[in-house]
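What follows is a short report on a single structure.
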Amino acid sequence: MGKKIFVTYKYSDSNVLKLPGRYYNTVRHYVDELQSLIAYDDHINKGENDGEDLSNFKESTIGSKLREKIYDSTITIVMISQGMKTNYTSESEQWIPWEISYSLRERTRNGRTSKPNAILAVVIPDCAGSYEHFLLEDSCPSCHFTIFKTDVLFKILRDNMFNQKNKTISNCNNHAQGTIIYQGYYSYIFAVKWCDFKDNINKYIDIAVSINENIDDYEITKQV
């Protein structure tokens, strides 16, 4: 059964790999591609459509429209791109943190309260096609772990990763003493590379939904 999906991203970030057949790309073009892909699996896009740039509306209108779209969705996909975060503006003045915050809150409309959304982070490759601005693959032949550069993220995203209350620790002996490697779904916000996601969308949506079904296993941060 299809899911209602809301997508949050930095509209104008052009620090991304060009998609086939395009001369110029921003993250918006990846969202266009995502919306085409999810349509084949009967998922319903609750984010803005091409040409519906909410930045043209008054701030109060944007807030109410976004809250309504998120309320009527079951999963939020956040596009992690190299330039998603503007460092010269406070996080409370940028849209992605608020959209994640709205997604994680219980919301009541007409006497019905909806639970927090599942959240999936899809990592977009940079101009060189690399994901290392956020994900760094380790060469360990045993546990094949991934290093997450969470310091580049908005705080609300950082706080909802590695936040499982009772994490499972790997017993791999191929690492320096004191190095801790986690196994399983140790983060409420699961992260996947775009190249993997686009080839098996339902797999990763199902992972995010299954984590959401066990939300009580995680320390959730809801405030920006």
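Both backbone and side-chain heavy atoms feed into the values below; hydrogens, waters and symmetry mates do not.
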Can you list, pair by pair, the side-chain donor-acceptor contacts under 3.5 Å of residues 77-87, counting residues two or more places apart and other chains?
| from | atom 1 | to | atom 2 | distance (Å) |
| --- | --- | --- | --- | --- |
| Ser81 | OG | Asp13 | OD2 | 2.6 |
| Lys85 | NZ | Glu91 | OE2 | 3.3 |
| Lys85 | NZ | Leu153 | O | 3.2 |
| Thr86 | OG1 | Lys10 | NZ | 3.0 |

Quick one: [atom1] on [X] to [atom2] on [Y], what's the gap to the nearest 0.5 Å?
| X | Y | atom1 | atom2 | result |
| --- | --- | --- | --- | --- |
| Phe6 | Ser103 | CZ | OG | 6.5 Å |
| Gln164 | Asn214 | CD | CG | 9.0 Å |
| Trp194 | Tyr131 | CH2 | OH | 8.5 Å |
| Leu34 | Tyr9 | CG | OH | 10.0 Å |
| Ile124 | Phe134 | CD1 | CZ | 12.0 Å |
| Tyr182 | Ile169 | OH | CD1 | 5.5 Å |

For the residue pair [X] and [Y], establish whether any side-chain heavy-atom pair is separated by less than 4.5 Å.
| X | Y | answer |
| --- | --- | --- |
| Val123 | Val192 | no |
| Cys172 | Ile181 | no |
| Leu120 | Phe197 | yes |
| Ile215 | Tyr188 | yes |

Next on the checklist: Under the rule for side-chain hydrogen bond (donor to acceptor under 3.5 Å, both in side chains), what residues qualify as partners of Lys149, not counting sequence neighbours?
Outcome noted: none

Item to check | Side-chain ion pair, Arg28 and Glu33, N-O less than 4.0 Å | outcome: no

Item to check | Pairing residues for Tyr186 by the ring pair (Phe, Tyr, Trp, His ring centres under 6.0 Å) criterion, not counting sequence neighbours | outcome: Phe162

Checklist outcome for this item: Contacts of Trp98 meeting ring pair (Phe, Tyr, Trp, His ring centres under 6.0 Å) (sequence neighbours excluded), chain-then-number -> none

Next on the checklist: Give me each pair satisfying salt bridge (charged side-chain N to carboxylate O under 4.0 Å, His left out) with a member in residues 151-166, each pair once, sequence neighbours excluded.
Outcome noted: Lys155-Asp159

Indicate the atoms forming the closest heavy-atom contact of [X] with [Y], along with that distance.
| X | Y | value |
| --- | --- | --- |
| Ser14 | Cys127 | O-SG, 3.9 Å |
| Ile75 | Ala208 | CD1-CB, 3.9 Å |
| Ser210 | Ile207 | OG-O, 2.7 Å |
| Tyr30 | Asn25 | CE1-OD1, 4.5 Å |
| Ser12 | Thr26 | O-CG2, 4.0 Å |
| Arg105 | Ser101 | NH2-OG, 2.9 Å |

Next on the checklist: Any side-chain to backbone donor/acceptor pair from Asp126 onto His133? Under 3.5 Å, distance only.
Outcome noted: no

Checklist entry - Donor-acceptor pair, Thr74 side chain versus Lys4 backbone, under 3.5 Å? => result yes

Donor-acceptor contacts, no H, no angles, side chain residues 217-224, under 3.5 Å, sequence neighbours left out:
| from | atom 1 | to | atom 2 | distance (Å) |
| --- | --- | --- | --- | --- |
| Tyr218 | OH | Tyr185 | O | 2.6 |

Checklist entry - With no hydrogens and no angle check, do the side chains of Ser73 and Asn117 hold a donor and an acceptor under 3.5 Å apart? => result yes

Checklist entry - Strictly by modelled atom types, are Glu137 and Thr146 linked by a side-chain donor-acceptor pair under 3.5 Å? => result yes

Item to check | Evaluation steps, side-chain contact (heavy atoms from CB on, under 4.5 Å), between Leu135 and Ile147 | outcome: CA-CA 6 Å; Leu135 298 176; Ile147 298 170; over 6 Å; no

Next on the checklist: Counting only heavy atoms from other residues, nucleotides and ligands, does the tally under 6.0 Å from NZ of Lys18 exceed 12?
Outcome noted: no

Next on the checklist: For Asn15 and Val27: C-alpha separation, side-chain torsions, deciding distance, then whether side-chain contact (heavy atoms from CB on, under 4.5 Å) applies.
Outcome noted: CA-CA 8 Å; Asn15 296 312; Val27 178; over 6 Å; no

